[in-house]
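Here's the structure we're looking at; comments come further down.
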Amino acid sequence: MKKIYKNKWRKQEHTVGTAKRDYSRQIAFLNRYSILFHALLSCMLVFIIEICSRRSLVDACVFLGSHAFAFLFNALIIFFTLSVVYLFRRRMLMRIIISCVWLLLGIINGCVLSQRVTPFGYTDLKCISDLLTMTNTQYFTKTQEICVVILLSILVIFLVVLALKGPKFQGHPHKIRAVFFCAGMGVFMSFATTMAHSSEQMASYFANIAQGYSDYGFVYGFSSSVMDRGMNKPDDYSESTIKAITQSVAQAKEDASSYTVAKSDQIVSDSVNKQQPNVICVLLESFMDPTEINFMELSKDPIPNFRALSDNFTSGYLTVPVVGAGTANSEFEVLTGMNLRFFGTGEYPYKTILKETNCESIASDLSKQGYGTHVVHNNGGNFYSRTNAFSQFGFDTFISKEMMNIQEYTPLGSWPTDDILIGETKKALDSTPDRSDFVYTITVQGHGSYPDEKVIQNPEITVSGAESEEKNNQWEYYVNQIHEVDKFIKNLTDMLSERDENTILVLFGDHLPTMGLTDEDLKSGDIFKTKYATWNNFGLEQKDADLAAYQLLAYTTEQAGIHEGTIFTYHQAEEYDTDNEQYQSNLENLQYDILYGERYCYDGKDLYPASDLQMGVDQTHLKHYRKNTDGSLSIFGDHFTNWSRIYINDEKISTTFVSDKELLLSADHASDLANGDILKVCQVGSSNTIFRTTENSLIYYGAQDDSMQTQSE
């Protein structure tokens, strides 16, 4: 028996030993032919990534066949990143980590493209905090969040085990040779990229980012967004170049001002001399004219009010820099007059340069003319880092959703309806009774995503003509939400008409909805074209024009007789000729000078510092508290919202919103109160950002009713 057991043990030991030797031979083979292995691995990864990004095996094969050079260039980029494994002994671990990173990026891109048209870029990594604010919505569900966390946790555990138990390179490390190899690959990549650009095999700039990723591959597109950020210094940038531009603009501004005053009808100049007109600019989220879609059949016109404005006031097509998503970039162009084309691939200036640099905008320009400047938006103040951006732009106030008593939501419950913005825009105008105002209002009701099942059982407008019932359901939901936005437009113009103030209103769509539209689907023939319309109550002449987003407010304010600002007066002087190379070259120089250069246009001074942005125009005030029979504590005051939180001695406590005049502290928390505790209320945004605190606080003195004990803040 012992002999049998011993022979069995020896056989098992021999089998294990053989397996180890085979495994060692495989590792040795991979090490010996690692460069060839890396080349094959790179090609395989590119192909898998393209399947994930395009969500189609067939499309990935088409890309390989029709864009072979681009496919190989993508593989070369991955091959370059794999070269770093030679700097480590745990080469298998590093290969797997690098491969997993690329695969994860490709998977993320596929997920992103299922929700929007714009592919995943480096700057999107800076928007992760914004994505987390949308958890448990149609846009990003709680289930998806849990699945992502579980899968990433499994991957991390696997990598940790591999790091502890995985094989190490047993040969001589040749570290100096490895360093030279990596450096050589870097030089070769730089040379290859330059040659690919000069031969036009690979594009150095994507006018259409989605098309660029499609033509040149995700790996190259994403890498471009990593390497190509900010603005490159123009070849002719200098103090003399900037001075020549600004002097020319100054002369044009002087001539334009003289012409305005000399106009015989005096419509514009009289309004300017008495009081400059209010300027209301409204961004309509994902807004378009559905009748512009060739295949769509509608039971009636969904946007009669917007169409009436287009027929009777200045309007036209608006070329925007994004499709399906990227509201902040259309917003950036409109508010600054700057062309996003001069920035890196897929860049969001809100998340990059504006994090550290102030920027002249329509708000800071009109502030110089005595305007009050305000933002109104029924979404979070931190979304797209807007609170920071609007401060850098010089706005006075920002009424975000945290300051609003929002009660109505879209049928899916994903986004607030836009009616609340009418009253909030009026509040902004009323907050500066002796001044003209610029109000920038941002809607959200048209925001995606759109359900492929029927949600609205008796829609006001029915839709047909799409490729499937699911698509018809999506379009029907979208069209009916846009119809509600159109009603908001009518209510907004009615409110403005009732005010005894000269006002010009500008409405524009920030981008087309995320519905997979192509140029061929549209009457305009361009998925980067939305529409804008205006309204005024003081007799401005209708002057229809097709514009770029960065020209919109320059064109509008010029009609109102306003000539102010470095960039805006430049557009006015150059007559909005987007196809003129000199026009674009000068604009690029001005943009670079203001954001990255020496600010020669300001004589090197900081003329437009960031503002001390005030959140909201209603100051929340505490009145008294009441101990309830169930042990809870009610706090009474004014202007509470769903984002009001009770703080006890500067510690945030779970709070129940009852109404705009009452908040509730649970019995458990109320029982912890002690005499002398200080109660206050803060308006709290994402990441526990305190946007505003009550101007006074209450001092707790036990269970007495209707305490009026307050402490001034």
Side-chain angles (χ1 to χ4, degrees), residues 55 111-118 131 134-144 282-307 322-327 378-379 401 406-421 442-491 507-518 521-523 527 530-531:
R55 290 159 291 151
C111 294
V112 166
L113 289 176
S114 70
Q115 297 290 337
R116 74 183 197 196
V117 177
T118 308
L131 179 64
M134 297 191 292
T135 56
N136 209 24
T137 68
Q138 184 72 12
Y139 207 71
F140 184 56
T141 67
K142 195 72 174 179
T143 301
Q144 290 172 328
V282 181
L283 181 152
L284 302 172
E285 171 64 44
S286 301
F287 186 89
M288 69 171 298
D289 180 355
T291 65
E292 290 269 308
I293 302 173
N294 293 324
F295 60 77
M296 187 170 292
E297 298 176 11
L298 304 159
S299 60
K300 69 175 184 179
D301 185 2
I303 55 168
N305 298 304
F306 185 88
R307 198 173 311 285
V322 291
V323 180
T327 297
N378 50 343
N379 199 12
K401 76 173 183 180
I406 297 173
Q407 299 296 320
E408 299 292 330
Y409 287 82
T410 56
L412 284 178
S414 305
W415 306 101
T417 58
D418 291 333
D419 280 344
I420 193 170
L421 297 175
I442 312 166
T443 72
V444 296
Q445 189 161 355
H447 203 297
S449 58
Y450 314 105
D452 55 15
E453 71 276 4
K454 195 173 183 66
V455 173
I456 307 173
Q457 296 306 315
N458 296 299
E460 194 170 342
I461 300 173
T462 57
V463 174
S464 60
E467 62 190 30
S468 65
E469 183 180 355
E470 288 77 15
K471 278 291 185 182
N472 278 328
N473 288 335
Q474 287 184 308
W475 279 114
E476 190 169 88
Y477 182 89
Y478 167 78
V479 167
N480 279 276
Q481 294 314 301
I482 291 301
H483 185 52
E484 294 300 314
V485 175
D486 188 69
K487 295 176 183 178
F488 153 78
I489 292 172
K490 177 64 166 60
N491 293 334
L507 306 127
F508 72 96
D510 61 333
H511 55 69
L512 299 189
T514 309
M515 296 289 235
L517 290 171
T518 64
D521 293 329
L522 303 171
K523 292 178 181 178
I527 59 174
T530 64
K531 282 191 170 181

Could you measure the distance from the [atom1] atom of [X] to the [atom2] atom of [Y]? Nearest 0.5 Å is fine.
X: Asp452; Y: Ser468; atom1: CG; atom2: OG; answer: 8.0 Å
X: His483; Y: Leu298; atom1: NE2; atom2: CG; answer: 11.0 Å
X: Met288; Y: Thr530; atom1: CE; atom2: OG1; answer: 9.0 Å
X: Glu467; Y: Trp475; atom1: CD; atom2: CH2; answer: 11.0 Å
X: Leu284; Y: Phe508; atom1: CG; atom2: CZ; answer: 7.5 Å
X: Asp289; Y: Ile303; atom1: CG; atom2: CD1; answer: 3.5 Å

For the pair Lys471 and Gln474, evaluate side-chain contact (heavy atoms from CB on, under 4.5 Å) and give the outcome as yes or no after the intermediate values.
-> CA-CA 5 Å; Lys471 278 291 185 182; Gln474 287 184 308; 3.3 Å; yes

Between [X] and [Y] (side chain of the first, backbone of the second, donor and acceptor by atom type, cut-off under 3.5 Å), is there such a pair?
X: Gln445; Y: Asp418; result: yes
X: Asp521; Y: Asn294; result: no
X: Ser299; Y: Val463; result: no

Min side-chain heavy-atom separation Pro459-Lys454 under 4.5 Å =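 With C-beta onward as the side chain, the pair touches.
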
Other residues, nucleotides, ligands: >12 heavy atoms within 6.0 Å of Glu470 CD = yes

Is the number of heavy atoms from other residues, nucleotides or ligands under 6.0 Å of Glu408 CD greater than 12?
->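 Counting other residues, nucleotides and ligands, CD of Glu408 stays at 12 neighbours or fewer.
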
How far apart are the C-alpha atoms of Glu285 and Asn379, what are their side-chain angles, what is the distance that settles it, and do they pass the side-chain contact (heavy atoms from CB on, under 4.5 Å) test?
-> CA-CA 11 Å; Glu285 171 64 44; Asn379 199 12; over 6 Å; no

Closest contact, heavy atoms only, [X] versus [Y]:
X: Glu476; Y: Ile456; answer: OE1-O, 4.4 Å
X: Asn378; Y: Pro416; answer: O-CG, 3.3 Å
X: His511; Y: Val322; answer: CB-O, 3.6 Å
X: Ile482; Y: Gly446; answer: CD1-CA, 4.4 Å
X: Asn480; Y: Glu460; answer: OD1-N, 3.2 Å
X: Asp510; Y: Ser286; answer: OD1-N, 2.7 Å

Return the orientation label for the Phe306 and Phe287 ring planes: parallel under 30°, perpendicular over 60°, tilted otherwise.
->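 Rings of Phe306 and Phe287: tilted, 30 to 60°.
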
Give the ring-plane orientation class for Tyr450 versus Tyr478, where under 30° counts as parallel, over 60° as perpendicular and anything between as tilted.
->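 The rings of Tyr450 and Tyr478 stand perpendicular, inter-plane angle above 60°.
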
Verdict with supporting geometry, Met296 and Val479, side-chain contact (heavy atoms from CB on, under 4.5 Å) = CA-CA 11 Å; Met296 187 170 292; Val479 167; 4.1 Å; yes

Does the pair Val282 and Leu421 meet the rule for a side-chain contact (heavy atoms from CB on, under 4.5 Å), with working shown?
-> CA-CA 10 Å; Val282 181; Leu421 297 175; over 6 Å; no

Going by atom types alone, do Asp419 and Thr417 pair a side-chain donor with an acceptor below 3.5 Å?
-> no

Asn305: side chain to side chain donor-acceptor pair (under 3.5 Å) partners, not counting sequence neighbours =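 Per chain and number, Asn305 pairs via side chain to side chain donor-acceptor pair (under 3.5 Å) with Asp486.
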
